[in-house]
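As a basis for the values below, the full set of heavy atoms in this structure was taken, side chains included, without hydrogen atoms, waters or symmetry mates. Chain naming here is simple, since letters A, B, ... match the order of the sequence lines and numbering starts at 1 in each.
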Number of protein chains: 4
Amino acid sequence: MRTIHAAKHDERRAQILAAAERCFARRGFHGASIAQICKEAKISPGHLYHYFGSKEEMITAIAESGLVYTQARVKQFTESKTDAVSATVSELENLRDAQRRAGPGVLLDILAEAARDPQVGGILQDASKGMRLLLATFFEEAQKGGDIDPDLDPQMSAAIFISLIDAGKALTVRYPDLDMDRFGKTMETMLRRFLSRQN
Amino acid sequence: MRTIHAAKHDERRAQILAAAERCFARRGFHGASIAQICKEAKISPGHLYHYFGSKEEMITAIAESGLVYTQARVKQFTESKTDAVSATVSELENLRDAQRRAGPGVLLDILAEAARDPQVGGILQDASKGMRLLLATFFEEAQKGGDIDPDLDPQMSAAIFISLIDAGKALTVRYPDLDMDRFGKTMETMLRRFLSRQN
Amino acid sequence: MRTIHAAKHDERRAQILAAAERCFARRGFHGASIAQICKEAKISPGHLYHYFGSKEEMITAIAESGLVYTQARVKQFTESKTDAVSATVSELENLRDAQRRAGPGVLLDILAEAARDPQVGGILQDASKGMRLLLATFFEEAQKGGDIDPDLDPQMSAAIFISLIDAGKALTVRYPDLDMDRFGKTMETMLRRFLSRQN
Amino acid sequence: MRTIHAAKHDERRAQILAAAERCFARRGFHGASIAQICKEAKISPGHLYHYFGSKEEMITAIAESGLVYTQARVKQFTESKTDAVSATVSELENLRDAQRRAGPGVLLDILAEAARDPQVGGILQDASKGMRLLLATFFEEAQKGGDIDPDLDPQMSAAIFISLIDAGKALTVRYPDLDMDRFGKTMETMLRRFLSRQN
DNA sequence: GATGAATGAGACTTCATTCAT
DNA sequence: CATGAATGAAGTCTCATTCAT
């Protein structure tokens, strides 16, 4: 019984968070108001504060959930059985499709906010550290397996890869009409040349 | 006489803009208030509105000037006499130093804002288009000169390069303690392998 | 339950509107400030905007209610069973008393505002059209009944009558010390001669 | 020399006043701003305060000049050589044309403002008193000459006539599409019957 | 759990007016 | 005479948050 209540609570909380994320994506963290979120989530302001103690708390929750999502994708990517470079390419495909579906979303806002809000900054940095660990390990394994160049610095390569995800978001803002297929091919070229064992 | 007035006006306007940029970098476009900007610029709110018709106008002015600055750096880079890859590397050095001096600045906020505000979006896209043109031309020349791989798609390579600038900004937020020297070396490796003529 | 809420809401709204009308009568639509209205209505500015979306909305609401009140009086007047001229005279008495009780009120402000604000203009014109219809019908009936001159143009006579209401308002401003009894007598003379069947 | 200066000064002052009147007609006394008036008069705010000590001073000056204009028309009307009733009718024609040319103008604003601002109120009341004197004398003369009914109260008849001018302004706001010719005929009827010697 | 009334500080902006040149 | 820089209070309205029901 207690559990059922808690589950319902969590579900509602997630719904609110999803509504908030839509608002934040539309207007930014400071541009979106509690009132708008309430309307989007079909909830009263008084009630919303039963689920979140403050707007800041919603922002950090969204930062966390957004980053968890990316982290999950990266994790999945690092567990793929294909060779490293091909996995990278397919991840780029996924990224491209996700962009098309979800619009720019909230990642750029998280990055901007993380640069000034230590709370959000901490969350982002923890998630980033985790992702880098995953990727660096993945690269090291691939180096041992001979898939990618053993001379590369795995830590730094991982950092580059992660920042390329961010850059992908920025790219759709800079060039909304970019031919993503052509771009994907060139990006693939870069990554293949970068990672491949040199001879 | 007219000129002296106009010059003073422009100078004051630039001072206010600089103050506003500091505030925006600290708090974000929507987090920073006119009152804070006024205090930073040592000006009264009434007077500020003699120079800018609205806060939005200040934001777009800052977006423009910030992008002009980056564009100027790219232009300088494309005019360098050294070979393409070396120029790229030195540009990365500059970027790293600029980051260290100026903090994260306002670029991430521009990117986030451009995704929702069509005005800012237009400014960003125009500037991006200009930069891509510069870079693509630069790459084409370098391809003719034999410095870089003639099989590369210059348009897309230029887009990737611009992405790397954004990626650099994101990186400093994700990994504030990153060893930039090690990172620079790996980035240099990636670019050399990407651009070099294949054999 | 729903009804009780809505009723309380409407009641509070009406209270605020009454307070606003007092302020507007004292200072004019643009001279009265939201802060003054809030003080008069004993309400916080934030809360006031739960009841009215803007100051403009309050102005139009007051224009409507003020005109509805006058319209109701005219309606009552046109339904009176006495002969037309006597009804007119008694209406003038009422008007005179209402002036004395309520001060100049807000009608002159509505007229002035209606000349520039299309929203208020529309409200005034709709109400005026309605009143003219009532009066013209009343006059036509009285013409058929032989009470007033059948040669008169009922539409235009109605317009004149409405003008006389406005004229009354203006008069109290121009001549605050006017002997209203003497004035009433002369006005009565004018109306009797105007409306009476000629022989 | 002194005189020439003073004349220029007065002329400029009148120009500014005319510009202010246009602004006030468009936006109302409190809705129009000094900045707008400055733009309309092509003058700087600093300079405007060489001609008028405050906005209030401009309002009273406009009230005065506007009323002087009406007063002059009334004076001219009372000096006409035709019989009283015909003079009244022609005045109504003039009024109608003036309305059409100048729009609603500023009279309704003066009336509304006079109801609360004692300064404007005083000006209006003085002017009204003067006009009433003119008209009452005119009526008395006409009564002696047998043109109009000697039983009428000249003071009150004058008051009625003056308030009909105000009502005319209001009428164009209430009924912008009113057939003025038909209205004029009915008004003429009313005045003729009112003023004519009864038998 | 759920509502929406209520707050008051603070948001952006405009105001009438003064001052230095 | 003339400008426009400069002020700071006050304008309307929105905000995140709390409270009574």
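- The ring-ring contact (aromatic ring centres under 6.0 Å, His included) search around C/Tyr51 returns C/His9, C/His47, not counting sequence neighbours.
- If you measure from atom CZ of B/Arg12 to atom C1' of F/dG4, you get 14 Å, rounded to the nearest angstrom.
- In this structure the side chain of D/Phe29 never reaches within 4.5 angstrom of the side chain of C/His30, judged on heavy atoms.
- Partners of B/Glu21 according to the salt bridge (Lys or Arg N to Asp or Glu O under 4.0 Å) rule, which considers only residues two or more places apart in sequence or in another chain, do not exist here.
- Atom pair B/Lys39:NZ and F/dA6:P shows a separation of 20 Å (rounding to whole Å applied).
- Residues satisfying the salt bridge (Lys or Arg N to Asp or Glu O under 4.0 Å) test with B/Arg12, not counting sequence neighbours, are none.
- Going from atom CG of A/Asp10 over to atom P of E/dG1 covers 12 Å, rounded to whole Å.
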* Paired and unpaired positions of DNA chain F as dot-bracket, Watson-Crick or G-U wobble under 3.5 Å, | denoting a partner strand -> .||||||||||||||||||||
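- The distance between atom CZ of B/Phe52 and atom C1' of F/dA5, rounded to the nearest whole Å, is 15 Å.
- C/Tyr51 comes within contact range of the sugar-phosphate backbone alone, with a heavy-atom separation under 4.0 Å but no base atom that close.
- With contacts defined as side-chain heavy-atom distances shorter than 4.5 Å, the pair B/Lys169/A/Leu111 does not qualify.
- Scanning both residues, A/Lys55 and A/Ala32, for their nearest heavy atoms gives NZ-O, 2.7 Å.
- For the pair C/Ile59 CD1 and F/dG11 P, the computed distance is 14 Å after rounding to whole Å.
- The stretch residues 104-117 of chain D participates, sequence neighbours left out, in these salt bridge (charged side-chain N to carboxylate O under 4.0 Å, His left out) pairs: C/Asp109-D/Arg116, C/Arg116-D/Asp109, D/Glu113-D/Arg116.
- Between D/Leu48 atom CG and E/dC15 atom P the separation is 14 Å, expressed in whole Å.
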* Can you check each nucleotide of nucleotides 14-21 of chain F against protein heavy atoms at under 4.0 Å and return B for base, S for sugar-phosphate only, - for none, in 5' to 3' order? => BBSBBB--
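- Here E/dT3 presents its P atom at 17 Å from NE2 of C/His9, a figure rounded to the nearest Å.
- In this structure, the separation between CD1 on D/Ile110 and CG on D/Leu124 is 7.5 Å, given to the nearest 0.5 Å.
- Atom NZ in D/Lys42 sits roughly 15 Å away from atom P in F/dA2 (whole-Å rounding).
- Minimum heavy-atom separation, A/Ala19 to A/Ala41: CB-CB, 3.6 Å.
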